[in-house]
Every structure is written in structure tokens, then in C-alpha cells.
Asks: 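I am attaching a structure below and will ask some questions about it afterwards.
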Amino acid sequence: MAKKEIIDEITMKRAITRITYEIIERNKELDKLVLIGIKTRGVYLAQRIQERLTQLENIDMPLGELDTRPFRDDKKATEDTTEINVDITGKDIVLVDDVLYTGRTIRAAIDGLVERGRPARVQLAVLVDRGHRELPIRADYVGKNIPTAQDEEIIVNMAEIDGVDSILIKKDEA
Ligand SMILES: O=P(O)(O)OC[C@H]1O[C@H](OP(=O)(O)OP(=O)(O)O)[C@H](O)[C@@H]1O
Ligand SMILES: O=c1cc[nH]c(=O)[nH]1
């Protein structure tokens, strides 16, 4: 399997900035918003969106970390490392993840959220939408639409955990 970089650091930064602008434009009550990053890389993305929001709008948006593993239909985990220190009832949630593929992680994330409160609204921001949905789920904010084949893989690297910002596609060599 060959790996090829399809998005570099600068393009990734621009995509995150654009998502942040779109969140500002589409939400009139920014003080009702809570960012919830899906572990692992969704949390770093949410932190970057939070930083841009501070730079652009001078607001400090609450941020939580959601562990979706206990709510997955395939791999059940008993450990739950979720950290949400804000009451989400009545709030507008922006779920943040790196890759949207089948949609099963987001379904689990919604389960994890409603177990903790009753949000007024839930939106979804993803860095990459690679298609192949298995559930009726779509993202409100998409950094990049990257059409893929089923047997390919999208690898998102983030400096905080991977030492570099990049998006790669892993595919069979022809
Ligand atoms: O739409 P889906 O089919 O659910 O796929 C998307 C999820 O897959 C990846 O997580 P993965 O389970 O690979 O774990 P990781 O984040 O620890 O790599 C990615 O971070 C998304 O959360
Ligand atoms: O290609 C994929 C599919 C799911 N999650 C990823 O991170 N990459």
C-alpha cells in the first residue's frame, strides 16, 4: 500500500480557518455554542477552532472531549474517558472529528451526548468527508471532500500527536 500526501500543512490550516468562519456565520448566538471534539484527533481540531474563534471574535468557547467507544455498535468499551465540564442541555453543540466515513462514530457520539444532557441543536464539523456513508448522517462544515474507494484509507496527521500536519491517502499500488 502506497501513501501519498494530498493535503499539506498550509491547506489544512486554511480549511480549519474556513470552518471557523462558517461556524461564526451560521450561528447567531455564539455564546450558546459548545465545541465537542471526538477523541483523539477531533479534540485537537476542536482546540484549533477554539483558538481561531478567540482570535477572530474574542470569545472563549467551551470545549469538551468525547470518547465514543462505549457507544459504538461494533466495538464496545467499558472505559469512558469523556471530559465535558459544561452543562450541554439547551446548548448548540458543534461536534468535531477528523474523518467522516461510514457515520458510525458520529451516531455513537450523538448517543454519548444525549446521555449527558439535552442539547438544543447538534451540528457536525469534519476535516475530511471521504464518502461511503452507512447511516443518514452528513456534516454541516467540511474542510475537504475527498472521494475515496472503499479499500483506501485517509490518514490525518496532526502536529499535537503526530508531529506534523498532513493528510495522506493510503491506496493499493497500481
Ligand atoms: O465514520 P466512521 O466510519 O465512524 O469513521 C470515522 C472515524 O474513524 C476514525 O477513527 P478510528 O476509529 O479509526 O480511531 P482513531 O481516531 O483512534 O484513529 C476517525 O477518527 C473517525 O472518528
Ligand atoms: O479512511 C479512514 C476511515 C475512517 N477513519 C479514518 O481515519 N480514515
Side-chain angles (χ1 to χ4, degrees), residues 1-9 11-16 18-20 22-23 34-52 63-84 88 93-116 119 122-174:
M1 294 280 265
K3 284 185 202 165
K4 183 172 156 242
E5 182 176 277
I6 43 175
I7 306 278
D8 63 12
E9 183 186 339
T11 313
M12 191 159 141
K13 192 172 175 191
R14 285 191 187 128
I16 295 169
R18 184 170 45 74
I19 289 173
T20 310
E22 287 176 1
I23 290 173
V34 177
L35 294 165
I36 301 285
I38 296 175
K39 289 185 148 189
T40 305
R41 288 170 185 75
V43 173
Y44 300 118
L45 269 175
Q47 286 170 353
R48 293 196 196 184
I49 292 170
Q50 185 190 43
E51 281 163 22
R52 292 303 269 148
L63 190 154
E65 304 184 4
L66 186 62
D67 183 352
T68 57
R69 293 173 308 159
F71 302 94
R72 287 199 64 104
D73 52 14
D74 47 359
K75 23 180 180 173
K76 290 266 187 227
T78 45
E79 188 196 22
D80 188 346
T81 61
T82 296
E83 273 186 53
I84 301 178
I88 59 168
I93 306 295
V94 181
L95 274 174
V96 183
D97 205 359
D98 56 350
V99 179
L100 179 57
Y101 177 41
T102 64
R104 288 177 191 270
T105 299
I106 301 307
R107 188 217 53 79
I110 294 167
D111 250 18
L113 276 184
V114 299
E115 174 136 303
R116 290 172 171 86
V122 180
Q123 299 172 285
L124 174 61
V126 296
L127 187 57
V128 177
D129 181 349
R130 61 161 291 192
H132 303 286
R133 219 76 80 236
E134 294 174 0
L135 294 170
I137 283 170
R138 47 125 191 95
D140 301 278
Y141 311 99
V142 179
K144 289 280 167 190
N145 282 292
I146 302 178
T148 58
Q150 284 272 18
D151 61 356
E152 291 171 338
E153 192 187 342
I154 295 293
I155 300 166
V156 173
N157 291 314
M158 299 199 63
E160 294 88 333
I161 183 169
D162 306 303
V164 65
D165 280 351
S166 64
I167 303 178
L168 314 177
I169 188 162
K170 203 164 138 189
K171 55 168 83 184
D172 277 327
E173 281 160 292

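Values in this document were obtained by computation on a predicted structure and should not be read as measured data. When a ligand or atom number is given, it counts from 1 through the structure's own listing order.
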Asks: Quick one: does V99 get a heavy atom under 4.0 Å from ligand 1?
Replies: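 The answer is yes: ligand 1 sits under 4.0 Å from a heavy atom of V99.
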Asks: Quick one: does G103 get an N or O within less than 3.5 Å of an N or O on ligand 1?
Replies: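 Yes; the residue has a nitrogen or oxygen that sits under 3.5 Å from a nitrogen or oxygen of the ligand.
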Asks: Do me a favour and list the nearest non-hydrogen protein atom to atom 21 (C) of ligand 1 with residue, atom name and distance?
Replies: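 Scanning the protein heavy atoms, the shortest distance from atom 21 (C) of ligand 1 goes to D97 OD2, 3.2 Å.
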Asks: Report, in ascending order of atom number, the atoms of ligand 1 lying under 4.0 Å from any heavy atom of T102.
Replies: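 It comes down to these atoms of ligand 1: 1 (O), 2 (P), 3 (O), 4 (O).
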Asks: Can E9 and K13 be counted as an ion pair, charged N to O under 4.0 angstrom?
Replies: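 Salt bridge between E9 and K13, a charged N being under 4.0 Å from a carboxylate O: no.
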Asks: Calculate, to the nearest 0.5 Å, the distance between atoms OH and CD belonging to Y101 and Q150 respectively.
Replies: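 Reported value, rounded in 0.5 Å steps: 4.0 Å.
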Asks: Can you find an N/O atom of R41 closer than 3.5 Å to an N/O atom of ligand 1?
Replies: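 No; every N/O pair is 3.5 Å or more apart.
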Asks: Given the protein's heavy atoms, is any one of them under 4.0 Å from atom 14 (O) of ligand 1?
Replies: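 When distances to the protein are checked, atom 14 (O) of ligand 1 has no heavy atom within 4.0 Å.
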Asks: For D162, is there an ion pair with R41 - N to carboxylate O distance below 4.0 angstrom?
Replies: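 A salt bridge is present here (some side-chain N lies under 4.0 Å from a carboxylate O).
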Asks: Give me the residue, atom name and distance of the protein heavy atom closest to atom 9 (C) of ligand 1.
Replies: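 The answer is D98 OD1, 4.6 Å.
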Asks: With only distance considered, is K39 within less than 3.5 Å of ligand 1 through an N or O on each side?
Replies: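 N/O-N/O distance below 3.5 Å does not exist for this pair.
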Asks: Tell me, which protein residue and heavy-atom name are nearest atom 17 (O) of ligand 1, and how many Å apart are they?
Replies: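 Looking at atom 17 (O) of ligand 1, the protein heavy atom closest to it is T40 OG1, 4.4 Å.
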Asks: If you have a sec, work out which protein heavy atom is nearest atom 6 (C) of ligand 2 and how many Å separate them, to one decimal?
Replies: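 The protein heavy atom lying closest is I154 O, 3.6 Å.
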Asks: Any protein heavy atom sitting closer than 4.0 Å to atom 19 (C) of ligand 1?
Replies: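 Within 4.0 Å: yes, protein heavy atom nearby.
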Asks: Which residue supplies the protein heavy atom nearest to atom 5 (O) of ligand 1, what is that atom called, and how far is it?
Replies: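 For this ligand atom, the closest protein heavy atom is Y101 CB, 3.6 Å.
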Asks: What residue and heavy atom of the protein are closest to atom 1 (O) of ligand 2, and at what distance?
Replies: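 Here the nearest protein heavy atom works out to R130 NH1, 2.6 Å.
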Asks: In terms of residue, atom name and distance, what is the protein heavy atom nearest to atom 4 (O) of ligand 1?
Replies: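 Checking every protein heavy atom, the shortest distance to atom 4 (O) of ligand 1 gives T105 OG1, 2.5 Å.
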Asks: Quick check for you: to the nearest 0.5 Å, what is the distance between D129 atom CG and I137 atom CD1?
Replies: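 The distance works out to 11.5 Å.
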Asks: Any protein heavy-atom neighbour for atom 11 (P) of ligand 1 (distance below 4.0 angstrom)?
Replies: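 Within 4.0 Å: no protein heavy atom nearby.
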Asks: Taking atom 2 (P) of ligand 1 as the reference point, report whether a protein heavy atom occurs under 4.0 Å from it.
Replies: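 Neighbour list for atom 2 (P) of ligand 1 includes protein heavy atoms (cut-off 4.0 Å).
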